[in-house]
Amino acid sequence: ASGVLAAWLPEVSPPPPPPSSSSSSAAAAAAAKRNTSLPSASSSSSFTPLSALRLLTATPQATRLLICVVLSGAAAQGLSDTIAQFLQQRLDFGARDQALLLAVAGGGGLLAQAVVLPLLLSWQVVAGEAGLLRVGLAASFLEHSLLVFSKTKAAALSAVGVGALGGLAFPAASALAADSGRSEEQGAVQGALSAARSGAAAVGPLAFGGIYFFSQRRWLPSSSSSPSPSPSSSSSSFFAGAPFVFGALLLLSALVLAMRIEGGGAGGAGLVAGRVSSSGEEERTRENNGGGDEEEAAPLMTTQRESES
């Protein structure tokens, strides 16, 4: 279909018809208006990533949201990089089991976005984006906790399926962050939030991998009398679920902070109470002024008619 569409479309679009005198003057006026409305180079050059990060720490609410995103991002990426080795050692996962694990994770994420999310919003089970953030963090916390105590392959796959709801956390956090700033700041807020999550995702695997390494017996000096255990044997580990205990603690801390985040409900209150966009203030000011001018103009026209009569 893409090949047919590419062959059917012309390589060069036909030139537009020559504009008339009236339309050309209107287009020139519109272009001049756009040029005057663009930000100056000095204002755009003074904007730095550090100033964008300050937007996310401007209020206690926004700071809590940033910490939630950092903690959940580190836990999610750490689990993603550690779970295959953990399940292979703990439950003897083979290639077929690993493929089933990926299918459960992908299918669960699709089901969460296409079915669970509309049901939660239509039934009003959660209160806006803040409620979705708590649901996602709680699901990720349950996933880490269930993996620690999983004794069978079915239990581990069920834990991964529950954790698919954790994919609701970051989109909800992004919506809350966008609601926290003015309209001209939303791009910077989204970029700073994504950058903070990416940095946490880089640190998470290092922490999980270090904890997983030190939970093994293989790094200890082996005695010549006792044979070295197999790397895939559960006896080669002190406590193989230690990384997921660490992840559960991170997510529990994020969930506690998320309980104190408000906003994103039906009223669209946002994270910063009382902070509205400058465009909204200008529109309301114009409406108020316009309404006052109409009210003052009505008696003035009546007086003019009476004087003419």
Side-chain angles (χ1 to χ4, degrees), residues 64 66-102 104-105 108-109 136-167 169-170 195-258:
R64 295 187 194 106
L66 176 62
I67 296 174
C68 287
V69 169
V70 168
L71 295 179
S72 61
Q77 194 61 41
L79 180 140
S80 177
D81 288 4
T82 314
I83 188 171
Q85 179 66 24
F86 167 76
L87 293 177
Q88 181 181 358
Q89 176 183 347
R90 180 78 174 269
L91 299 174
D92 294 328
F93 262 51
R96 196 172 193 177
D97 300 320
Q98 299 287 355
L100 184 58
L101 176 70
L102 295 177
V104 169
L137 292 175
S140 298
F141 169 75
L142 285 176
E143 179 184 17
H144 283 72
S145 302
L146 292 174
L147 283 173
V148 173
F149 300 103
S150 295
K151 301 295 184 182
T152 61
K153 294 180 179 181
L157 293 174
S158 300
V160 174
V162 171
L165 289 174
F170 184 68
R197 187 173 186 265
S198 299
V203 175
L206 297 176
F208 274 62
I211 295 173
Y212 187 78
F213 173 76
F214 285 107
S215 68
Q216 309 299 305
R217 297 180 186 272
R218 296 193 301 273
W219 67 275
L220 294 176
S222 58
S223 61
S224 57
S225 59
S226 60
S228 176
S230 173
S232 62
S233 175
S234 60
S235 61
S236 64
S237 172
F238 293 117
F239 180 45
F244 305 115
V245 173
F246 174 69
L249 292 176
L250 293 181
L251 291 165
L252 182 61
S253 302
L255 184 58
V256 171
L257 288 175

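This one's a predicted model, so the numbers in the text were calculated from it and none came from an experiment.
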Minimum heavy-atom distance V70-A200, with the two atoms named: O-CB, 3.2 Å

Where G166 and A139 come nearest, the two heavy atoms and their spacing: N-CB, 3.9 Å

CA sep, side-chain torsions, deciding dist, call: D97, L87, side-chain contact (heavy atoms from CB on, under 4.5 Å): CA-CA 9 Å; D97 300 320; L87 293 177; over 6 Å; no

Side chain to side chain donor-acceptor pair (under 3.5 Å) partners of R64, counting only residues at least two apart: Q61

C68 to A258 - nearest heavy-atom pair and separation: SG-N, 3.7 Å

Residues forming a side chain to side chain contact (heavy atoms under 4.5 Å, CB included) with A138, sequence neighbours excluded: L255

Listed partners of A155 passing side chain to side chain contact (heavy atoms under 4.5 Å, CB included), at least two apart: S150, T152

For A164 against G109, the heavy-atom pair lying closest together: CB-N, 3.5 Å

Distance (rounded to the nearest 0.5 Å) between Q89 CD and Y212 OH: 3.5 Å

Taking every non-hydrogen atom, the tightest pair across V160 and A105: CG1-CB, 3.9 Å

side-chain hydrogen bond (donor to acceptor under 3.5 Å, both in side chains) contacts in which one or both residues fall within residues 68-82, not counting sequence neighbours: Q77-D81

With F246 via ring pair (Phe, Tyr, Trp, His ring centres under 6.0 Å) - residues at least two apart: F208

Name each donor-acceptor pair under 3.5 Å that joins a side chain in residues 141-148 to protein atoms two or more places apart or in another chain, with its distance.
unit_1	atom_1	unit_2	atom_2	d
H144	ND1	S140	O	2.9
S145	OG	F141	O	2.9

Non-hydrogen side-chain atoms of L251 and L71 separated by less than 4.5 Å: no

